[in-house]
J.: 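Pasting a structure here, questions to come.
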Protein chains: 2
Amino acid sequence: MASDSQQSQISLRPLERDGFATRILKSLTAYIQAAELKAGDRLPTERALAAQLGVGRSTVREALQTWQAMGLVQIRKGSGTYLAQDIRATSLHVPVTINLEREAVLNSLELRRAIETDAARLAARRGRAEDVERIRAALEEMEAAYAAHGFAIRQDRTFHEAMFTASGNPLYLQIFQQIITRISDAFNGSRENPFVTEPYADESQPDHRRLYEAVAEGDEAGAVAAVMRIIDFVEAALRHDQ
Amino acid sequence: MASDSQQSQISLRPLERDGFATRILKSLTAYIQAAELKAGDRLPTERALAAQLGVGRSTVREALQTWQAMGLVQIRKGSGTYLAQDIRATSLHVPVTINLEREAVLNSLELRRAIETDAARLAARRGRAEDVERIRAALEEMEAAYAAHGFAIRQDRTFHEAMFTASGNPLYLQIFQQIITRISDAFNGSRENPFVTEPYADESQPDHRRLYEAVAEGDEAGAVAAVMRIIDFVEAALRHDQ
DNA sequence: AAAGGTGAGGTGGTCAGACCAATATTAGGC
DNA sequence: GCCTAATATTGGTCTGACCACCTCACCTTT
């Protein structure tokens with residue numbers, strides 16, 4: 001019986017006899033590394049891949065389709081297949097399914113608060129000059145855009161991305177970019193006016209500057225507090241809007 | 001000039017003329033909902049889908065391949081295609097790419113600390129009897145398994161999943177299941193002995209019980225503290241092991 | 001010389017039909 | 001009744017064809 005429990009716990013499954021698709025992707029990964037292809041570069045054509053790999057074109061297509069689903073490549077009809085990310089052999093690709101219930105945006109905001117406060121704290125603790133400089137640049141662009149047009153959605157996103165980058169934990173940036181913003185986009189995409197949070201922007205604008213200053217000065221508590229206030233504003237805007 | 005900047009900000013792109021694949025998936029989603037198919041159920045055969053949708057079989061295959069990449073279906077040669085998740089029309093599927101550098105596990109632990117402390121706090125605040133009961137059941141199973149075999153990896157995971165469920169924010173559970181544990185698995189898979197944290201398990205065992213008690217009593221601070229100690233042990237084990 | 005229009009070739013998108021390999025089902029023998 | 005072998009079903013792959021779209025060089029027009 002003890003051995004039974006053990007069997008079900010020890011991961012004993014290095015079998016996985018992959019189909020062609022998996023092998024093609026491995027081969028392609030090796031090729032991409034060897035050829036030093038970067039994001040944006042074009043891959044060989046489907047016909048060329050099929051010929052060089054010695055498989056049918058439909059098989060190549062299914063493999064590439066898989067990569068597209070994982071966001072690794074972008075297939076453009078009539079043009080070619082392009083790398084969408086820098087690919088390394090050690091990359092792990094996981095699909096995440098999110099049920100867009102009514103509270104999905106508020107839930108994502110809760111998640112954002114949890115990770116962004118920590119990210120701000122880490123950023124203030126590290127205080128790398130290079131990171132601080134990038135945050136400052138993003139901040140000034142955001143303030144300029146806001147002064148000019150009254151909104152600065154893209155610049156705001158860039159600012160927070162710089163924050164997450166400065167935390168030194170790439171997972172934070174990934175979750176922000178690939179989960180939180182996508183939920184937000186999906187939510188905004190189904191509404192008439194996507195600029196839900198704009199009327200509140202001028203209230204949170206000063207806090208963005210305080211956040212930058214706190215990070216620059218290594219003030220962890222101040223950075224966390226600034227993030228809390230910023231997210232409070234977003235949350236208030238959302239609740240008011242719903 | 002102002003209009004230029006505005007153009008680049010306002011999202012003016014509701015075009016996206018999807019290929020067949022996307023339309024097939026939409027149609028399939030509707031069918032699955034209408035037929036009330038649940039996870040584990042078998043989908044119609046590729047040939048049947050092609051005939052009913054009026055498209056070629058290869059097109060159906062590419063669409064299903066996409067779903068498999070997203071983890072929605074499992075395709076079994078010679079048997080059929082099976083639903084791997086309950087699918088709703090409102091589900092959002094995002095691919096997340098993680099670079100498994102050396103520090104990926106420590107990074108994932110940092111992420112886990114950020115979201116699990118918040119999840120524990122929320123769980124203690126809500127204190128739903130049903131959730132508390134499930135946590136208790138998982139705790140007792142874990143303690144029993146640990147007393148019997150000296151390890152309880154699966155039960156430990158179930159316990160924490162019950163915690164995340166009790167938080168009321170499904171995003172937390174998803175990130176734990178689909179990102180954190182997969183990073184951990186990928187890391188363990190490449191090592192001789194996957195039970196890295198086991199020698200430390202008996203130290204963190206009491207804290208699991210304290211975490212349960214804090215949640216049951218609505219003690220938010222106590223729950224957060226217990227999570228912190230648990231993750232401290234895991235982190236210590238990791239650092240010691242590396 | 002610069003702007004806009006045109007056409008040929010390249011590339012992904014789709015289809016049909018065929019055969020293979022793994023699995024599931026059925027029919028047969030004990 | 002149970003095990004086994006023949007058969008049917010289903011996904012996996014290949015081929016070759018045609019279409020729709022994009023690119024880009026070439027040409028016309030201004």
J.: If you look only at distance, which donor and acceptor atoms sit under 3.5 Å apart when one is on a side chain in residues 163-178 of chain A and the other is two or more places apart or in another chain?
T.:
residue	atom	partner	partner atom	Å
A:Thr165	OG1	A:Glu161	O	2.8
A:Ser167	OG	A:Phe164	O	2.6
A:Ser167	OG	A:Asn169	N	3.2
A:Asn169	OD1	A:Leu171	N	3.0
A:Asn169	ND2	B:Asn107	O	3.0
A:Asn169	ND2	B:Glu110	OE1	2.9
A:Tyr172	OH	A:Asp118	OD2	2.5
A:Tyr172	OH	B:Glu110	O	3.3
A:Gln174	NE2	B:Thr97	O	2.8
A:Gln177	NE2	A:Glu161	OE2	3.3
A:Gln178	OE1	B:Thr97	N	3.4

J.: Among all residues two or more places apart in sequence or in another chain, which pass the salt bridge (Lys or Arg N to Asp or Glu O under 4.0 Å) test with A:Glu141?
T.: none

J.: Any side-chain hydrogen bond (donor to acceptor under 3.5 Å, both in side chains) pairs touching residues 49-64 of chain A, not counting sequence neighbours?
T.: A:Glu46-A:Arg57, A:Glu46-A:Arg61, A:Arg61-B:Glu62, A:Glu62-B:Arg61

J.: Going by heavy atoms closer than 4.0 Å, what residues in residues 70-82 of chain A are next to DNA chain D?
T.: A:Lys77, A:Gly78, A:Ser79

J.: Please name all residues satisfying salt bridge (Lys or Arg N to Asp or Glu O under 4.0 Å) with B:Glu130, sequence neighbours left out, ordered by chain then number.
T.: B:Arg128

J.: How would you list all residue pairs meeting salt bridge (Lys or Arg N to Asp or Glu O under 4.0 Å) that involve residues 69-97 of chain B, not counting sequence neighbours?
T.: A:Glu101-B:Arg88

J.: Sequence neighbours left out, what passes side chain to side chain contact (heavy atoms under 4.5 Å, CB included) with A:Ala30? Give chain and number order.
T.: none

J.: For B:Asp131 and B:Arg134, run salt bridge (Lys or Arg N to Asp or Glu O under 4.0 Å): C-alpha distance rounded to whole Å, both residues' side-chain angles, the deciding distance at 0.1 Å, then the answer.
T.: CA-CA 5 Å; B:Asp131 293 330; B:Arg134 189 161 40 225; 3.3 Å; yes

J.: Round to the nearest Å and state the distance from A:Trp67 atom CH2 to C:dG12 atom P.
T.: 15 Å

J.: Just to be sure I understand the geometry, which residues of residues 55-63 of chain B put a non-hydrogen atom under 4.0 Å away from DNA chain D?
T.: B:Arg57, B:Arg61

J.: For DNA chain D, find the residues of residues 30-54 of chain A with a heavy-atom distance under 4.0 Å and give them by number; none if there aren't any.
T.: A:Arg47, A:Gly54

J.: Could you tell me the separation between the CD atom of A:Gln65 and the C1' atom of D:dG12, rounded to a whole number of Å?
T.: 16 Å

J.: Only pairs at least two apart or in different chains count here, so list each side-chain hydrogen bond (donor to acceptor under 3.5 Å, both in side chains) that has a residue in residues 33-44 of chain B.
T.: none

J.: Sequence neighbours left out, what pairs pass ring pair (Phe, Tyr, Trp, His ring centres under 6.0 Å) with at least one residue falling in residues 54-96 of chain A?
T.: none

J.: Return the value, rounded to whole Å, for the distance between atom CG of B:Leu64 and atom P of D:dT13.
T.: 14 Å

J.: For A:Ala138, give me all partners under side chain to side chain contact (heavy atoms under 4.5 Å, CB included), at least two apart in sequence or on another chain.
T.: A:Thr158, A:Phe159

